[in-house]
Amino acid sequence: MDDSKNLWGGRFTGEADRGFVDFNRSFGFDRRLFAADVRGSIGHCNSLASAGVLTAEEATKIKSGLETILERGIADAGYFDPTEFEDVHSFVESRLVELLGDTGRKLHTGRSRNDQVATDLRLWMRGAVDDLLQRVVAAQEAFLDLAESHVGAVLPGYTHLQRAQPILFAHWCLAYFEMLSRDRERLADCRKRVNVLPLGSAALAGASYPIDRESVARELGFDSVSRNSIDAVSDRDFCVEFVGVCSLIMVHLSRLAEEVIVYSTTEFGFFELSDAVATGSSLMPQKKNPDSMELVRGKAGRVFGHGTSLLAMLKGLPLAYNKDMQEDKEAVFDSFDTVRACLGVTATVLRNLSINEERTLEAASTGYMNATELADYLVRKGMPFRQAHETVGRIVVRAIARAVELQDLSLEELRSLSTLIDEDVFAVLILERTLETKSQTGGTSPQRVTDALAAARRSLAS
Ligand code: ARG
């Protein structure tokens with residue numbers, strides 16, 4: 001390895017082992033930080049010029065060199081040879097030295113790769129968070145569009161995957177909307193701690209040149225500068241947080257995937273996935289498999305794994321930088337790629353999902369899901385709730401024995417189990433009534449759901 005490509009040759013007399021050189025290399029994956037590295041370097045160059053460390057002329061040359069490198073990197077993937085460089089930082093600096101000779105060798109004054117890599121990763125992650133925020137919003141919009149195109153649709157609500165109480169389909173959509181709203185809040189909150197500038201911390205003790213860190217922060221769009229140089233180069237909490245936020249998004253998408261998969265079975269028959277996001281079987285001609293949703297459910301695990309690997313990587317590290325930390329990037333990059341792709345596919349699934357409203361209505365109308373309504377009816381007639389619960393339980397047993405729904409039992413038969421029951425009971429047992437009574441904030445009554453949909457739309461607009 002000739003010394004223009006290696007940033008630390010002087011101390012060494014022996015040759016590096018080729019196997020180790022490959023093992024040590026991060027350029028294969030950290031070249032993703034290329035644009036961030038160039039931007040950060042331009043910021044650093046400006047601060048060196050303001051501090052009088054570089055002349056104005058040197059700074060101009062370095063900045064235009066960095067711009068050239070950025071343009072070439074964007075235009076030509078062949079510019080990056082993964083076998084030639086240790087990491088993205090050595091790559092950019094070597095290319096600069098190739099262009100400018102000794103002037104290029106001045107850029108790293110007052111900077112270490114330790115504050116540089118932390119800066120690059122934070123810059124990159126800020127963009128990643130913004131990208132995910134957009135994708136979460138797109139998934140939320142897909143939910144709202146779906147809900148609004150099926151305003152009247154009902155769904156059986158389940159607990160323990162046993163029929164519980166009828167709900168509006170839109171209410172079900174809005175449940176996922178809420179989860180994704182919390183994900184947006186978490187992304188925005190995580191972004192605050194990401195957007196802190198470590199540059200100027202140098203190796204660990206701080207820079208010994210009079211650079212104006214605040215002005216670098218402003219130039220690079222950071223909200224503030226780190227307060228402790230040791231912490232600044234040691235900290236990867238923001239990576240753990242980011243992967244944590246990604247993990248919860250995956251939990252939400254995976255739970256949705258599970259429901260869509262189950263509801264699309266012949267046994268349920270509530271939903272049908274579009275051909276655009278399903279596959280067939282190579283053997284069984286009748287099959288339509290929900291691969292899109294299965295992959296979303298399956299990929300959740302790899303993101304959780306990245307969170308675990310980051311925590312394990314960090315827990316035994318002494319301050320400050322240790323090379324273990326190079327392992328942070330693949331965990332973060334893959335989490336981002338995975339969540340991003342899953343959000344995209346999920347939105348596509350939702351935008352093309354068919355709802356069999358007849359089937360869901362039938363399912364929501366059967367299975368004694370109005371039993372609680374009957375108990376509440378008895379409560380209104382003066383029976384204590386515990387006793388009403390018991391009485392309705394017996395009525396349900398009777399209905400099961402007759403293989404009918406509660407409203408199909410005769411008044412006589414109902415009265416044989418409680419004389420409090422009158423003709424007016426039948427109005428209470430109809431599905432619409434069941435929904436309408438859930439009229440408190442957060443409930444599934446049509447009026448509440450209409451209001452909630454409007455509020456959800458407003459929250460996206462703001
Ligand atoms: N490739 C390294 C990483 O990703 C860059 C920082 C190297 N710093 C050092 N002191 N060796 O962590």
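Numbering of ligands and ligand atoms starts at 1, following listing order.
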Problem - Those protein residues which place at least one heavy atom below 4.0 Å from ligand 1 - result: Ser26, Asp30, Asp87, His89, Arg113, Asn114, Val117, Tyr321, Gln326, Lys329
Handout entry: Short side-chain donor-acceptor distance under 3.5 Å, Ser264 and Glu272
Key = no
Exercise for the section: Kindly indicate whether a cation-pi arrangement holds for Arg122 with Phe238, taking the cut-offs as under 6.0 Å to the six-membered ring centre and within 45° of the axis. Expected result: yes
Practice task
Check whether NZ of the Lys or CZ of the Arg Arg32 lies under 6.0 Å from the centre of the six-membered ring of Phe333 and within 45 degrees of that ring's axis.
Solution key: yes
Handout entry: The single option from Ser224, Ser201, Ser47 passing side-chain contact (heavy atoms from CB on, under 4.5 Å) against Arg213
Key = Ser201
Problem - Sequence neighbours excluded - salt bridge (Lys or Arg N to Asp or Glu O under 4.0 Å) pairs with any residue from residues 38-51 - result: none
Practice task
Assess Arg95 against Tyr79: is NZ or CZ under 6.0 Å from the centre of the six-membered ring, and within 45 degrees of the ring's axis?
Solution key: yes
